[in-house]
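Chain A is the first sequence line, chain B the second, and so forth, proteins listed ahead of strands; every chain is numbered from 1.
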2 protein chains.
Amino acid sequence: MADWEAMLAAAGFRITEPRRAVIEALARAERPLSPEELLERAQPEHSRLGLVSVYRALNLFARLQLVRRVHHEDGCHGYMLASPGHTHAIVCQRCGNTAEFSVEGDVQAVVERAQAQTGYRVSGHMLQLFGICPACERAEH
Amino acid sequence: MADWEAMLAAAGFRITEPRRAVIEALARAERPLSPEELLERAQPEHSRLGLVSVYRALNLFARLQLVRRVHHEDGCHGYMLASPGHTHAIVCQRCGNTAEFSVEGDVQAVVERAQAQTGYRVSGHMLQLFGICPACERAEH
DNA sequence: CTATCTGCAAAAAGTTTGCATGTTC
DNA sequence: GAACATGCAAACTTTTTGCAGATAG
């Protein structure tokens, strides 16, 4: 039984064809996808699939932390499968490819400095990097 | 002459009433505002103001880095005046208030670790913290 | 068999564009 | 006065909702 199925079941949700189609399309994806793109890629798997169900599946998965929302500075976002544990995404500004990384201790320093400067009690963070992936780097030269 | 006027002029844009109304509403704001909210707050200043001009002003200001887009995990965003220099925002999850902080060196460690882990060349980042502001902290107890 | 989920259509948000008029420089 | 910016209406895009029928447990 796949991990996501256990997660859904544990939270009292059902394992359905549309949800499976969406999550498998995400698993195959090489970069974050928009709901529209996901629909296209998931339809071969479940031809009756509608865009609405993609949205509903994504919102559910995001709530359960099975998928991650990927933002860009100007706001539009895509979805990618989230690795278990606490990781962040880095997006290639040229090709859109994405990788994940984890920075346990280093973020702690940032959080502490921010708390000292602002007096806020920090409870969460959103960190995302932008850059150029190795493949694009090579292509540029 | 206000700083934003100099910035606009230097970039070849005009100082207009709608733009002034929007930026002054932002200056008065105690938290990030949506375009719709900004319209309401800027209209007293310039009654003919339309929502479209708010959008156009915000897009321009964002391009010139005069305002910062503030994201939430689920994507919707607001706008706030950007401090000069490189700062980040922390948003209170209870009341929406926002503060800025800067973490020069500490982010560098994060960037280096990410580069080492992913092989990407990092060129930018989006870091935003969430938490509870001092006022809400007090109110809770 | 029952509660949950889906798909459709339609509504609701949110954002952008075309164009005639008004403003800034 | 010329170029730029505005405001309106309307188009477009993106996301949500209502509901009858389908499906998982």
Side-chain angles (χ1 to χ4, degrees), chain A residues 1-2 4-25 32-64 66-67 69-79, chain B residues 1-2 4-25 32-64 66-67 69-79:
Chain A
M1 189 191 217
W4 67 272
E5 300 185 356
M7 296 271 279
L8 248 62
F13 296 98
R14 292 181 174 173
I15 314 302
T16 68
E17 271 309 304
R19 286 170 183 168
R20 167 173 286 113
V22 169
I23 222 162
E24 291 191 346
L33 300 177
S34 68
E36 199 78 48
E37 290 173 315
L38 269 167
L39 176 64
E40 282 172 34
R41 299 194 185 198
Q43 268 185 339
E45 199 116 353
H46 180 67
S47 58
R48 311 150 102 0
L49 186 64
L51 184 57
V52 176
S53 301
V54 176
Y55 273 99
R56 286 196 271 229
L58 289 173
N59 286 336
L60 176 62
F61 296 157
R63 203 145 32 94
L64 298 179
L66 286 169
V67 309
R69 292 190 166 96
V70 178
H71 302 254
H72 285 240
E73 194 46 65
D74 61 352
C76 76
H77 56 242
Y79 294 81
Chain B
M1 188 189 217
W4 68 272
E5 300 185 354
M7 296 271 280
L8 247 63
F13 297 98
R14 294 181 173 173
I15 315 303
T16 68
E17 271 310 301
R19 285 171 185 167
R20 167 173 286 115
V22 169
I23 224 161
E24 292 191 345
L33 300 177
S34 69
E36 199 79 50
E37 291 172 313
L38 270 168
L39 175 64
E40 281 172 34
R41 299 194 184 198
Q43 269 185 339
E45 199 116 357
H46 180 67
S47 58
R48 308 151 103 1
L49 186 65
L51 184 57
V52 176
S53 300
V54 175
Y55 273 100
R56 286 197 273 229
L58 289 173
N59 286 337
L60 176 62
F61 295 156
R63 201 141 40 88
L64 298 179
L66 286 169
V67 309
R69 290 191 167 95
V70 178
H71 303 254
H72 285 241
E73 195 45 65
D74 61 352
C76 78
H77 56 244
Y79 294 81

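- Contacts between residues 41-51 of chain B and DNA chain D, defined by a heavy-atom separation under 4.0 Å, are made by B:His46, B:Arg48, B:Leu49, B:Gly50.
- Remark: A:Arg56 CZ to A:Leu51 CG distance equals 10.5 Å, nearest 0.5 Å.
- Here the closest non-hydrogen pair linking B:Pro35 and B:Val54 is O-CG1, 3.7 Å.
- Within the 4.0 Å cut-off from OP1 or OP2 of D:dT6, at least one side-chain nitrogen or oxygen of B:Arg19 is found.
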Evaluation steps, side-chain contact (heavy atoms from CB on, under 4.5 Å), between B:Tyr55 and B:Leu39
CA-CA 9 Å; B:Tyr55 273 100; B:Leu39 175 64; over 6 Å; no
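- Taking CH2 of B:Trp4 as the start and CG of B:Leu66 as the end, the distance is 9.0 Å to the nearest 0.5 Å.
- Rounding to the nearest 0.5 Å gives a distance of 12.0 Å between OG of A:Ser53 and CG of A:Leu60.
- Between the CZ atom of B:Arg19 and the CG atom of B:Leu49 there is a distance of 12.0 Å, given to the nearest 0.5 Å.
- At the phosphate of D:dG7, OP1 or OP2 sits under 4.0 Å from a side-chain N or O atom of B:Ser53.
- Between C:dT15, D:dG25, D:dA9, one nucleotide has an atom nearer to the side chain of A:Arg14 than all others, and that is D:dG25.
- The backbone N or O of B:Ser34 lies less than 3.5 Å from a partner atom in the side chain of B:Glu37, making a donor-acceptor pair.
- Annotation for A:Ile15 and A:Ala9: closest pair CD1-N, 4.4 Å, computed over non-hydrogen atoms.
- Not one side-chain nitrogen or oxygen of B:Thr16 sits closer than 4.0 Å to the OP1 or OP2 atom of C:dT24.
- Helix bend of the helix from C:dC1-D:dG25 to C:dC25-D:dG1: the angle between its two end axes, each built from five pairs, comes to 50° after rounding to 10°.
- Interface residues of residues 54-63 of chain B facing DNA chain C, ordered by number: B:Tyr55, B:Arg56, B:Asn59; criterion, heavy-atom separation under 4.0 Å.
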